[in-house]
Amino acid sequence: MKQMIKISDNIWEIPTSVKSGMRVPARILSSEKLIGGIDNGVIDQITNVACLPGIQKYALCMPDAHLGYGFPIGGVAAFDAQEGIISPGGIGFDINCGMRLISTNMTVEEVKPKLAEVIEELFNSVPSGVGTKGKIKLKTPDFNKLIAEGSKWCLDNGMATDDDVEHTETKGYIEGADIRAISGKAFNRGLNQIGTLGSGNHYLEIEYVRKGDIYNESVARTFGITSPQQIVIAIHCGSRGFGHQVATDYLRIFNQNSSKYGLNLKDRELAAAPITSADGEAYYAAMACAANVAFVNRQVITHFVKKSFEKVFNKTSEALGLKTIYDVAHNIARFEDYIIDGVPKRLLVHRKGATRSFGPNNADIPEVFRTVGQPVIVGGSMESGSALFVGTAYAESEYFGSTLHGSGRVMSRTKAKKLIRGDELQNNLKKQGILIRTGHIRGLAEEAGFAYKSIDDVSQAVDAIGISHLVARFVPLGNIKG
DNA sequence: ATGTTC
């Protein structure tokens, strides 16, 4: 790409001279190995983002960046809280899609004999697939309360421990959630979906620490990862139909009212509103509601995961050491304070397929992690497993406290399905010792390992840049997919 | 990602 300037081994910059209207440069954080794989469309999208009013410093792409709706997935853009905009495309349709990692004191040896049984139990207790209903029956006042309170609602309803809530980003709650910003349609779609996994790349996975895969023993211990063969559980899902409907509702409103805002967008998919406008404030309030719903969803799933393990292994979840390490959002906008050109500023940081990566001593991470930094949970494919990183002060000072979120797709769902059948893939994985349970076998092919970048390649890139450091890697044993 | 085309 000729308009890119190489800044260092892992950083490329696209200057403002490349496209008229760019207010800041774009930066691609990547590696020699991965940079060639960045789609031209991603460059076009991130330079469009760089034209948006109020944007600060750089429009950013993480190493896992790929094409998204308007903004790339794997993108970060921070806007001045007064002068800037808020955009649904910068957050994603699945508002507060995120990852939770649960530690255990069990080993592979202990779990393997009962793997099929526990996978079956999990499959039955955590409904997955498109349009499925959850096992929790909520009435309107309950759901109102849940939306307003986030994970605290789970605490009051016996589905969380204090420790679970403490170990969730911003304690599983976004300030400013206002039910009046939610359409009846969004409310009704969400009402019966609490405790459900969804479909696509959402999953519930039993993983373990392979020998040699702990990269920083002291930080790993702080996070609750102590030894090879240790079992962990990863949950990847979001706000389901509720968040999707919020995004759809406000994209329509923003498009209808676009002439009012005078934003001069490069692409209709960048639909946005000034943060301080009535529409912008309403979308923020609705997004906060959806974020709360997603935190609750992952917490309720955690509750059923604990119940499933208790039933199969005939011990309490405390005795099995089931403990939330952390829960992170990777599709969200948050108000955060940064110093820009020496001046402290309040910004609305949009992370779409990107994770917060706060370093040591940050007041917004749990006290037990203050000495090391926050856990950053990164999902790979169902063949590669996931990775645990620690956030850094460098990420905060240079890149709005952000890092990658996953492997990033390299292949369309359609193409992946042409290369392998779902049942073939399931059999191949079984031979590798990975048990997959799904209600939608044909869709499985879309999530094949070859459809994603290597998690080790993207991990190496962010580690070299210093926006997060690798702590441990986990490989899959069993996986529930929608 | 998504009651997979308002």
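Please read these numbers as outputs of a predicted model, since none were measured by experiment. Below, chain A is the first sequence line, B the second, and so on; all start at residue 1.
Checked against ring-ring contact (aromatic ring centres under 6.0 Å, His included), A/Tyr326 has the following partners two or more places apart in sequence or in another chain: A/Phe369. Not a single ring-ring contact (aromatic ring centres under 6.0 Å, His included) links A/Tyr261 to another residue, sequence neighbours left out. With sequence neighbours excluded, no residue forms a ring-ring contact (aromatic ring centres under 6.0 Å, His included) with A/Phe295. Every residue two or more places apart in sequence or in another chain that forms a ring-ring contact (aromatic ring centres under 6.0 Å, His included) with A/Phe254 is listed here: A/Tyr283.
Looking only at atom types and distance, the side chain of A/Gln299 has a donor-acceptor partner in the side chain of A/Arg100 under 3.5 Å away.
Following rounding to the nearest Å, A/His440 (NE2) and B/dT4 (C1') show an atom-to-atom distance of 10 Å. In this structure, A/Ile95 places its CD1 atom 12 Å from C1' of B/dT2, rounding to the nearest Å. One can place CG of A/Asp94 at 14 Å from C1' of B/dT4, the figure rounded to the nearest angstrom. Rounded to whole angstrom, the span from the CG atom of A/Asn96 across to the P atom of B/dT2 amounts to 13 Å. Rounding to whole angstrom units, CG of residue A/Asn188 and P of B/dT2 are separated by 18 Å.
As judged by a 4.0 angstrom heavy-atom cut-off over every strand, A/Arg413 is placed among residues touching the sugar-phosphate backbone only. Nucleic acid contact for A/Gly92: none, since no nucleic acid atom lies under 4.0 Å from a heavy atom of the residue. Heavy atoms of A/Gln193 sit under 4.0 angstrom from primed sugar atoms or phosphate atoms, though from no base atom.
Contacts of residues 60-69 of chain A with DNA chain B (heavy atom under 4.0 Å): none. Of the residues in residues 243-261 of chain A, those lying under 4.0 Å from DNA chain B by heavy-atom distance are A/His244, A/Arg252.
Of all heavy-atom pairs spanning A/Leu155 and A/Val165, the tightest one is CD1-CG2, 4.1 Å.
The salt bridge (charged side-chain N to carboxylate O under 4.0 Å, His left out) analysis of residues 57-73 of chain A, with sequence neighbours excluded, yields no pairs. Annotation: side-chain hydrogen bond (donor to acceptor under 3.5 Å, both in side chains) contacts involving residues 137-155 of chain A, sequence neighbours excluded, comprise A/Lys145-A/Glu149, A/Lys152-A/Asp156.
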Enumerate donor-acceptor pairs with a distance under 3.5 Å from any side-chain N or O in residues 374-381 of chain A to protein atoms, sequence neighbours excluded.
unit_1: A/Gln374; atom_1: OE1; unit_2: A/Arg356; atom_2: NE; d: 3.3
unit_1: A/Gln374; atom_1: OE1; unit_2: A/Phe358; atom_2: N; d: 3.1
unit_1: A/Gln374; atom_1: NE2; unit_2: A/Arg356; atom_2: O; d: 3.1
unit_1: A/Ser381; atom_1: OG; unit_2: A/Glu383; atom_2: N; d: 3.2
unit_1: A/Ser381; atom_1: OG; unit_2: A/Ser384; atom_2: N; d: 3.2
unit_1: A/Ser381; atom_1: OG; unit_2: A/Ser384; atom_2: OG; d: 3.3

